[in-house]
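When a ligand or atom number is given, it counts from 1 through the structure's own listing order.
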Amino acid sequence: MTKIIKINPEKIDMELLEEAAHVIKHGGLVAFPTETVYGLGADSFNEDAVRNIFKAKGRPSDNPLISHIADLGDIERFAREIPDCAVKLAEEFWGGPLTMVLKKRKGIPDSVTAGLDTVAVRLPSHSVANALIRLSGTAIAAPSANLSGSPSPTTAGHCIADLDGRVDMIIDGGDSMIGIESTVVDCTTEVPTILRPGMISAEDMREIIGEVNFSGEVKGAPKCPGMKYKHYSPNAEVYIFNSTKSIEEDENSCVIMKNSEGAGFSNIKVYDAGKTDTEYAARLFYFLRKADEDGFSKVYAQMPENSGIGIALINRLMKSAAGRVLD
Ligand code: AMP
Ligand code: MG
């Protein structure tokens, strides 16, 4: 049985949230809101609980998890070395959508790190996430709260659709604001390396710490193990389009695009992605799921700008679309 509770992020009912903390403390699984996407959390230091995350999601065991902390100092529970750049990035971007990969300390369960010598840590900005971590008195290991392979969840409804009956509790704290997962930066290399793009861009980080590597794709054996799997896929086939001329209008297809008014469609459903790539990011996963719910078999999604958060959006869309790009 999955218990669903509703928490207002602006006025947190601590007594109710205490129930969720109780579940975490006793080795259970709780889906909770963060500013990026919803996470499926368990006590980072409870090996069995963490293993259950993989079972509930159907996640391959070689795909490590991000541990979420609520106090900067807790980074020391995870990392045996904290390079200067990590301190600077944390000061600038925490709480927020930045995950840092650091050399791990002994005692962190192998299931959290998938047996790697490194560990991923993030301090979120979402009030409910932070309060849950504090009340639980531990760090919370959490991947996205979806079934492995499906689009990441940005509402409690998405978590319910994927995980009802598979987890102990789901906290409904409203929509995730950013809508795509955190930037992952590896701080164990001489020059920090972006393993997964997100809202915080290479440019944003370069302003704080100087050099940052980002190849745009992970080559060879992926260091960010999650990047090799099928990801973010609705049942419908996704195509990325550059020009609306490539779209064949019919009733089984739909379009996701920015500034769609005036695009001149007559016979196709259009989901408007807002005016900017920031708004597009907040809605992308929502619309990919909506396209399935509404029964479409084909999704045409507009190519984002190749800058800022657009780079992260392109990264997610390319996976959803299995690389299918139209003119
Ligand atoms: P998810 O929260 O589902 O988006 O998954 C967490 C992401 O963080 C995955 O892409 C992981 O591969 C990545 N990650 C977690 N730990 C590490 C690590 N130690 N080294 C590299 N990437 C990691
Ligand atoms: Mg995920």
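Between F241 and Y300, the two ring planes are perpendicular [angle over 60°; tilted spans 30° to 60°].
Atoms of ligand 1 lying under 4.0 Å from at least one heavy atom of I66, given by number and element, are 6 (C), 8 (O). Short contacts between ligand 1 and V119, defined as distances under 4.0 Å to a heavy atom of the residue, involve ligand atoms 19 (N). Applying the 4.0 Å criterion to heavy atoms of A120 picks out, from ligand 1, the atoms 15 (C), 16 (N), 17 (C). Here is the list of ligand 1 atoms found below 4.0 Å of a heavy atom in T118: 18 (C), 19 (N), 20 (N). The atoms of ligand 1 that sit less than 4.0 Å from any heavy atom of S144 are 1 (P), 2 (O), 3 (O). Heavy-atom proximity to L195, at under 4.0 Å, picks out these atoms of ligand 1: 21 (C).
For Y38 and F32, the ring centers sit 6.0 Å or farther from each other.
Only the side chain of N63 comes within contact range of ligand 1, with a heavy atom under 4.0 Å; no backbone atom does.
Put simply, S144 gets within reach of the Mg ion (ligand 2), with an N, O or S atom under 2.8 Å from it.
Residue contact check for ligand 1: T113 places no non-hydrogen atom closer than 4.0 Å to it. Residue contacts with ligand 1 leave out K104, since none of its heavy atoms falls under 4.0 Å from the ligand.
Residues S176 and P153 approach most closely at OG-O, 4.4 Å, considering heavy atoms.
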